[in-house]
2 protein chains.
Amino acid sequence: MPTSGDASPPIYRVKADFFRLLGHPARVRVLELLRDGERTVGDLRSALGLDSGGTSQHLTTMRRQGVLDSRRAGTNVYYRVKDPRTFQLLEVARQILSAQLEESRGLLGELSAVEFVPADGATDADHRSR
Amino acid sequence: MPTSGDASPPIYRVKADFFRLLGHPARVRVLELLRDGERTVGDLRSALGLDSGGTSQHLTTMRRQGVLDSRRAGTNVYYRVKDPRTFQLLEVARQILSAQLEESRGLLGELSAVEFVPADGATDADHRSR
DNA sequence: TCAACATCTTCGAATATTCTAAGACACCAA
DNA sequence: TTGGTGTCTTAGAATATTCGAAGATGTTGA
(Lines give C-alpha, C1' and ligand atoms only; values in the text may rest on other atoms or scores of the structure.)
Protein backbone atom coordinates (compact mmCIF):
# COMPACT_ATOMS: atom_id res chain seq x y z
CA MET A 1 0.00 0.00 0.00
CA PRO A 2 1.49 3.33 -1.11
CA THR A 3 1.96 6.17 1.33
CA SER A 4 -0.42 8.25 -0.81
CA GLY A 5 0.31 11.59 -2.41
CA ASP A 6 -0.09 14.31 0.24
CA ALA A 7 2.17 13.77 3.23
CA SER A 8 -0.10 14.02 6.25
CA PRO A 9 0.39 17.34 8.01
CA PRO A 10 1.84 17.50 11.53
CA ILE A 11 -0.61 17.07 14.39
CA TYR A 12 -0.37 20.62 15.59
CA ARG A 13 -1.46 21.81 12.19
CA VAL A 14 -4.46 19.49 12.15
CA LYS A 15 -5.46 20.68 15.59
CA ALA A 16 -5.06 24.29 14.56
CA ASP A 17 -7.26 23.75 11.52
CA PHE A 18 -9.84 22.19 13.74
CA PHE A 19 -9.87 25.06 16.21
CA ARG A 20 -9.90 27.58 13.41
CA LEU A 21 -13.03 25.90 12.14
CA LEU A 22 -14.72 26.66 15.45
CA GLY A 23 -13.40 30.19 15.39
CA HIS A 24 -16.39 31.88 13.84
CA PRO A 25 -19.47 33.15 15.66
CA ALA A 26 -21.93 31.66 13.21
CA ARG A 27 -20.30 28.26 13.44
CA VAL A 28 -20.28 28.32 17.22
CA ARG A 29 -23.97 29.10 17.10
CA VAL A 30 -24.61 26.26 14.72
CA LEU A 31 -23.05 23.87 17.19
CA GLU A 32 -25.11 25.29 20.01
CA LEU A 33 -28.27 25.00 17.95
CA LEU A 34 -27.45 21.40 17.20
CA ARG A 35 -26.84 20.59 20.82
CA ASP A 36 -30.19 18.91 21.21
CA GLY A 37 -30.57 17.20 17.90
CA GLU A 38 -30.56 17.67 14.18
CA ARG A 39 -31.96 20.71 12.41
CA THR A 40 -32.70 21.59 8.82
CA VAL A 41 -30.72 24.18 6.93
CA GLY A 42 -33.80 26.39 6.97
CA ASP A 43 -34.08 26.20 10.76
CA LEU A 44 -30.45 27.15 11.13
CA ARG A 45 -30.67 29.82 8.48
CA SER A 46 -33.49 31.62 10.24
CA ALA A 47 -31.90 31.24 13.67
CA LEU A 48 -28.63 32.66 12.40
CA GLY A 49 -30.21 35.39 10.34
CA LEU A 50 -28.07 34.59 7.31
CA ASP A 51 -29.10 34.02 3.73
CA SER A 52 -29.18 30.46 2.50
CA GLY A 53 -25.89 30.85 0.66
CA GLY A 54 -23.96 31.91 3.71
CA THR A 55 -25.57 29.26 5.84
CA SER A 56 -24.74 26.58 3.34
CA GLN A 57 -21.17 27.76 3.15
CA HIS A 58 -20.61 27.39 6.86
CA LEU A 59 -22.35 24.04 7.01
CA THR A 60 -20.38 22.72 4.08
CA THR A 61 -17.12 23.81 5.64
CA MET A 62 -18.00 22.07 8.87
CA ARG A 63 -19.08 18.91 7.11
CA ARG A 64 -15.96 18.76 5.00
CA GLN A 65 -13.87 18.89 8.16
CA GLY A 66 -15.90 16.09 9.67
CA VAL A 67 -17.59 18.04 12.45
CA LEU A 68 -21.08 17.79 11.01
CA ASP A 69 -23.00 15.14 9.19
CA SER A 70 -26.08 15.56 7.03
CA ARG A 71 -28.99 13.61 5.72
CA ARG A 72 -31.52 14.57 3.14
CA ALA A 73 -35.26 14.15 3.74
CA GLY A 74 -37.25 15.21 0.75
CA THR A 75 -36.40 18.76 -0.02
CA ASN A 76 -34.85 19.43 3.38
CA VAL A 77 -31.38 18.60 4.60
CA TYR A 78 -30.86 17.84 8.26
CA TYR A 79 -27.54 18.54 9.88
CA ARG A 80 -26.23 17.05 13.09
CA VAL A 81 -23.01 17.06 15.09
CA LYS A 82 -21.02 13.97 14.37
CA ASP A 83 -19.02 13.56 17.57
CA PRO A 84 -20.69 14.48 20.88
CA ARG A 85 -17.31 15.33 22.35
CA THR A 86 -17.53 18.49 20.28
CA PHE A 87 -19.97 19.81 22.86
CA GLN A 88 -17.45 19.07 25.56
CA LEU A 89 -15.14 21.46 23.77
CA LEU A 90 -17.72 24.20 23.97
CA GLU A 91 -18.33 23.45 27.59
CA VAL A 92 -14.66 23.61 28.57
CA ALA A 93 -14.30 26.83 26.64
CA ARG A 94 -17.25 28.24 28.53
CA GLN A 95 -15.63 27.33 31.84
CA ILE A 96 -12.33 28.93 30.90
CA LEU A 97 -13.99 32.07 29.68
CA SER A 98 -16.20 32.49 32.68
CA ALA A 99 -13.21 32.07 34.95
CA GLN A 100 -11.49 34.83 32.99
CA LEU A 101 -14.52 37.01 33.35
CA GLU A 102 -14.60 36.41 37.06
CA GLU A 103 -10.95 37.32 37.37
CA SER A 104 -11.27 40.51 35.40
CA ARG A 105 -14.30 41.40 37.42
CA GLY A 106 -12.14 40.98 40.51
CA LEU A 107 -9.48 43.29 39.12
CA LEU A 108 -12.13 45.80 38.32
CA GLY A 109 -13.22 45.72 41.93
CA GLU A 110 -9.70 46.41 43.13
CA LEU A 111 -9.45 49.20 40.66
CA SER A 112 -12.42 51.04 42.03
CA ALA A 113 -11.21 50.56 45.64
CA VAL A 114 -8.99 53.59 45.31
CA GLU A 115 -8.41 53.93 49.03
CA PHE A 116 -6.64 50.63 49.35
CA VAL A 117 -2.93 50.54 48.48
CA PRO A 118 -1.05 47.25 48.87
CA ALA A 119 2.16 47.15 50.95
CA ASP A 120 4.35 46.77 47.86
CA GLY A 121 3.17 49.19 45.21
CA ALA A 122 4.06 47.05 42.17
CA THR A 123 2.50 43.66 41.60
CA ASP A 124 4.23 40.79 39.84
CA ALA A 125 2.00 41.01 36.81
CA ASP A 126 3.06 44.58 36.35
CA HIS A 127 6.25 44.23 34.45
CA ARG A 128 4.87 45.24 31.11
CA SER A 129 4.31 48.92 30.93
CA ARG A 130 2.91 50.48 27.75
CA MET B 1 -22.78 50.78 38.73
CA PRO B 2 -22.63 51.93 35.10
CA THR B 3 -22.85 49.40 32.30
CA SER B 4 -19.55 50.77 30.99
CA GLY B 5 -18.75 51.92 27.48
CA ASP B 6 -18.38 48.88 25.21
CA ALA B 7 -21.47 46.66 25.22
CA SER B 8 -20.14 43.20 25.96
CA PRO B 9 -20.31 40.99 22.87
CA PRO B 10 -22.61 37.95 22.78
CA ILE B 11 -21.22 34.74 24.22
CA TYR B 12 -20.94 32.95 20.93
CA ARG B 13 -18.70 35.68 19.66
CA VAL B 14 -16.43 35.47 22.68
CA LYS B 15 -16.20 31.73 22.28
CA ALA B 16 -15.43 32.10 18.59
CA ASP B 17 -12.66 34.58 19.33
CA PHE B 18 -11.24 32.17 21.81
CA PHE B 19 -11.22 29.24 19.40
CA ARG B 20 -9.81 31.39 16.65
CA LEU B 21 -6.95 32.21 18.96
CA LEU B 22 -6.11 28.52 19.13
CA GLY B 23 -6.49 28.20 15.40
CA HIS B 24 -2.87 28.64 14.44
CA PRO B 25 -0.22 25.92 14.31
CA ALA B 26 2.39 27.98 16.09
CA ARG B 27 0.01 28.80 18.90
CA VAL B 28 -1.05 25.22 19.34
CA ARG B 29 2.61 24.30 19.60
CA VAL B 30 3.21 26.98 22.17
CA LEU B 31 0.50 25.46 24.33
CA GLU B 32 1.97 22.02 23.92
CA LEU B 33 5.42 23.30 24.80
CA LEU B 34 4.01 24.91 27.91
CA ARG B 35 2.24 21.77 28.96
CA ASP B 36 4.86 20.95 31.54
CA GLY B 37 5.72 24.35 32.87
CA GLU B 38 6.87 27.79 31.94
CA ARG B 39 9.37 28.57 29.21
CA THR B 40 11.27 31.63 28.14
CA VAL B 41 10.57 33.38 24.87
CA GLY B 42 13.94 32.19 23.64
CA ASP B 43 13.10 28.57 24.38
CA LEU B 44 9.85 28.87 22.50
CA ARG B 45 11.42 30.81 19.69
CA SER B 46 13.98 28.12 18.97
CA ALA B 47 11.46 25.30 19.34
CA LEU B 48 9.11 26.99 16.92
CA GLY B 49 11.77 28.03 14.49
CA LEU B 50 10.46 31.57 14.25
CA ASP B 51 12.27 34.86 14.60
CA SER B 52 11.85 36.71 17.86
CA GLY B 53 9.40 39.14 16.33
CA GLY B 54 6.99 36.48 15.19
CA THR B 55 7.29 34.61 18.46
CA SER B 56 6.57 37.72 20.43
CA GLN B 57 3.58 38.50 18.31
CA HIS B 58 1.94 35.17 18.97
CA LEU B 59 2.73 35.29 22.66
CA THR B 60 1.41 38.80 22.99
CA THR B 61 -1.80 37.86 21.25
CA MET B 62 -2.31 34.93 23.57
CA ARG B 63 -1.56 36.96 26.64
CA ARG B 64 -3.92 39.73 25.64
CA GLN B 65 -6.72 37.18 25.35
CA GLY B 66 -5.90 35.83 28.77
CA VAL B 67 -4.65 32.40 27.76
CA LEU B 68 -1.05 33.01 28.77
CA ASP B 69 0.61 34.78 31.61
CA SER B 70 4.16 36.05 31.80
CA ARG B 71 6.76 36.98 34.33
CA ARG B 72 10.08 38.66 33.82
CA ALA B 73 13.28 37.30 35.34
CA GLY B 74 16.21 39.48 34.53
CA THR B 75 16.50 39.77 30.82
CA ASN B 76 14.25 36.78 30.14
CA VAL B 77 10.49 36.57 30.10
CA TYR B 78 8.81 33.35 31.12
CA TYR B 79 5.43 32.44 29.71
CA ARG B 80 2.98 29.97 31.18
CA VAL B 81 -0.56 28.81 30.53
CA LYS B 82 -2.94 30.56 32.84
CA ASP B 83 -5.78 28.07 33.07
CA PRO B 84 -4.93 24.36 33.08
CA ARG B 85 -8.28 23.58 31.52
CA THR B 86 -6.76 24.86 28.32
CA PHE B 87 -4.89 21.59 28.07
CA GLN B 88 -8.16 19.74 28.41
CA LEU B 89 -9.26 21.52 25.27
CA LEU B 90 -6.27 20.19 23.40
CA GLU B 91 -6.89 16.74 24.75
CA VAL B 92 -10.54 16.63 23.72
CA ALA B 93 -9.60 17.92 20.28
CA ARG B 94 -7.06 15.14 20.01
CA GLN B 95 -9.69 12.57 20.84
CA ILE B 96 -12.12 13.91 18.29
CA LEU B 97 -9.49 14.08 15.59
CA SER B 98 -8.18 10.63 16.19
CA ALA B 99 -11.70 9.25 16.05
CA GLN B 100 -12.09 10.98 12.70
CA LEU B 101 -8.85 9.51 11.49
CA GLU B 102 -9.94 6.07 12.53
CA GLU B 103 -13.20 6.46 10.68
CA SER B 104 -11.61 7.66 7.48
CA ARG B 105 -9.16 4.84 7.71
CA GLY B 106 -12.13 2.49 7.84
CA LEU B 107 -13.63 4.06 4.75
CA LEU B 108 -10.34 3.73 3.00
CA GLY B 109 -10.38 0.03 3.73
CA GLU B 110 -13.81 -0.35 2.16
CA LEU B 111 -12.64 1.60 -0.81
CA SER B 112 -9.81 -0.77 -1.59
CA ALA B 113 -12.07 -3.79 -1.18
CA VAL B 114 -13.30 -3.41 -4.75
CA GLU B 115 -14.85 -6.85 -4.96
CA PHE B 116 -17.42 -6.16 -2.28
CA VAL B 117 -20.62 -4.38 -3.31
CA PRO B 118 -23.31 -3.75 -0.67
CA ALA B 119 -26.87 -4.93 -1.32
CA ASP B 120 -28.15 -1.39 -1.84
CA GLY B 121 -25.75 0.51 -4.05
CA ALA B 122 -26.23 3.93 -2.44
CA THR B 123 -25.42 4.59 1.21
CA ASP B 124 -27.15 7.14 3.38
CA ALA B 125 -24.22 9.51 3.36
CA ASP B 126 -24.35 9.55 -0.39
CA HIS B 127 -27.04 12.09 -1.06
CA ARG B 128 -24.68 14.82 -2.03
CA SER B 129 -23.28 14.20 -5.45
CA ARG B 130 -20.28 16.15 -6.80
C1' DT C 1 27.74 54.93 30.77
C1' DC C 2 28.39 51.32 27.35
C1' DA C 3 28.00 46.86 25.04
C1' DA C 4 25.54 42.64 24.65
C1' DC C 5 21.54 40.22 24.83
C1' DA C 6 16.49 39.28 25.06
C1' DT C 7 12.16 40.80 23.98
C1' DC C 8 8.85 43.83 21.86
C1' DT C 9 6.77 46.97 18.35
C1' DT C 10 5.60 48.54 13.88
C1' DC C 11 4.54 48.60 9.10
C1' DG C 12 3.67 47.15 4.44
C1' DA C 13 3.27 43.02 1.57
C1' DA C 14 1.42 38.46 1.08
C1' DT C 15 -2.24 35.39 2.08
C1' DA C 16 -6.52 33.66 3.88
C1' DT C 17 -11.18 34.21 5.21
C1' DT C 18 -15.72 36.14 4.97
C1' DC C 19 -19.38 38.57 2.71
C1' DT C 20 -22.59 39.55 -1.02
C1' DA C 21 -25.14 38.65 -4.87
C1' DA C 22 -26.60 35.85 -8.54
C1' DG C 23 -27.94 31.91 -10.27
C1' DA C 24 -27.83 26.55 -10.50
C1' DC C 25 -29.59 22.31 -8.88
C1' DA C 26 -32.66 18.84 -6.47
C1' DC C 27 -37.01 17.47 -4.99
C1' DC C 28 -41.98 17.48 -4.53
C1' DA C 29 -46.71 18.27 -5.65
C1' DA C 30 -49.91 19.44 -8.95
C1' DT D 1 -43.55 18.77 -16.98
C1' DT D 2 -43.91 22.76 -14.59
C1' DG D 3 -43.69 25.85 -10.67
C1' DG D 4 -42.30 26.45 -6.03
C1' DT D 5 -39.43 25.66 -2.28
C1' DG D 6 -35.15 24.47 -0.16
C1' DT D 7 -30.26 23.92 -0.65
C1' DC D 8 -25.92 24.51 -2.90
C1' DT D 9 -22.20 26.68 -5.78
C1' DT D 10 -19.48 30.31 -7.58
C1' DA D 11 -16.93 34.51 -8.21
C1' DG D 12 -15.27 38.89 -6.94
C1' DA D 13 -15.07 42.53 -3.41
C1' DA D 14 -14.28 43.54 1.38
C1' DT D 15 -11.94 42.43 5.41
C1' DA D 16 -8.83 40.08 8.57
C1' DT D 17 -4.73 37.60 9.59
C1' DT D 18 0.01 36.35 9.04
C1' DC D 19 4.65 37.04 7.45
C1' DG D 20 9.16 39.40 7.15
C1' DA D 21 12.15 42.90 7.96
C1' DA D 22 13.86 46.63 10.50
C1' DG D 23 14.57 48.85 14.37
C1' DA D 24 13.06 50.35 19.38
C1' DT D 25 13.10 49.25 24.23
C1' DG D 26 14.55 47.26 28.49
C1' DT D 27 17.96 44.72 31.44
C1' DT D 28 22.35 43.25 33.06
C1' DG D 29 27.17 43.28 33.90
C1' DA D 30 31.47 45.48 32.98
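A, B, ... follow the sequence lines: proteins, then strands. Residue 1 opens every chain.
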Could you tell me whether A:Glu91 and A:Arg94 make a salt bridge, using a distance below 4.0 angstrom between a side-chain N and a carboxylate O? yes
Tell whether A:Gln57 reaches the base of C:dT20 with its side chain through a donor-acceptor pair below 3.5 angstrom. yes
Starting from the 5' end of DNA chain D, give me the residue, B:Gly74 or A:Thr55, whose nearest nucleotide shows up first. A:Thr55
For the pair made of CZ in A:Arg71 and P in C:dC27, what is the distance, rounded to whole Å? 15 Å
Gap between atoms CG and P, on B:Leu50 and C:dT7 respectively (whole Å): 14 Å
Closest nucleotide of DNA chain C for A:Gly54 versus for A:Arg20: which of these residues is on the 5' side? A:Arg20
Ion pair check, B:Arg39 and B:Asp36, cut-off under 4.0 Å: yes
Could you go step by step and tell me if B:Glu103 and A:Lys82 meet the side chain to side chain contact (heavy atoms under 4.5 Å, CB included) rule? CA-CA 11 Å; B:Glu103 186 196 311; A:Lys82 216 167 179 181; 3.4 Å; yes
Distance-minimising heavy-atom pair for A:Leu68 and A:Leu34: CD2-CD1, 3.7 Å
Atom-to-atom span, CZ of B:Arg64 to P of D:dT17 - whole angstrom: 11 Å
Plane angle bin for B:Phe19 and A:Phe19 - parallel if under 30°, tilted between 30 and 60°, otherwise perpendicular: parallel
Along DNA chain C (nearest heavy atom to each residue), the more 5'-positioned of A:Asp51 and A:Thr75: A:Asp51
OP1, OP2 of C:dT18 versus side-chain N and O of A:Arg27: anything below 4.0 Å? yes
So which nucleotide from D:dC8, C:dT7, C:dA6 ends up closest to the side chain of B:Ser52? C:dT7
Nearest whole Å is fine: how far is D:dT27 C1' from B:Tyr78 OH? 14 Å
Protein-nucleotide distance (A:Tyr79, atom OH; D:dG6, atom P), rounded to Å: 16 Å
Given atom CZ of A:Phe19 and atom P of D:dT17, what is their separation to the nearest angstrom? 18 Å
Measure from the side-chain heavy atoms of A:Arg72 and tell me the nearest of C:dC27, C:dC8, D:dC19. C:dC27
Expressed in angstrom and rounded to an integer, what is the separation of A:Asn76 atom CG from C:dC25 atom P? 21 Å
N/O (side chain, B:His58) to phosphate O (OP1/OP2, D:dT18) under 4.0 Å: no
Taking OP1 and OP2 of C:dC19, is either one under 4.0 Å from a side-chain nitrogen or oxygen of A:His24? yes
Rounding to a whole Å, what distance do you find between A:Leu59:CG and D:dG6:C1'? 13 Å
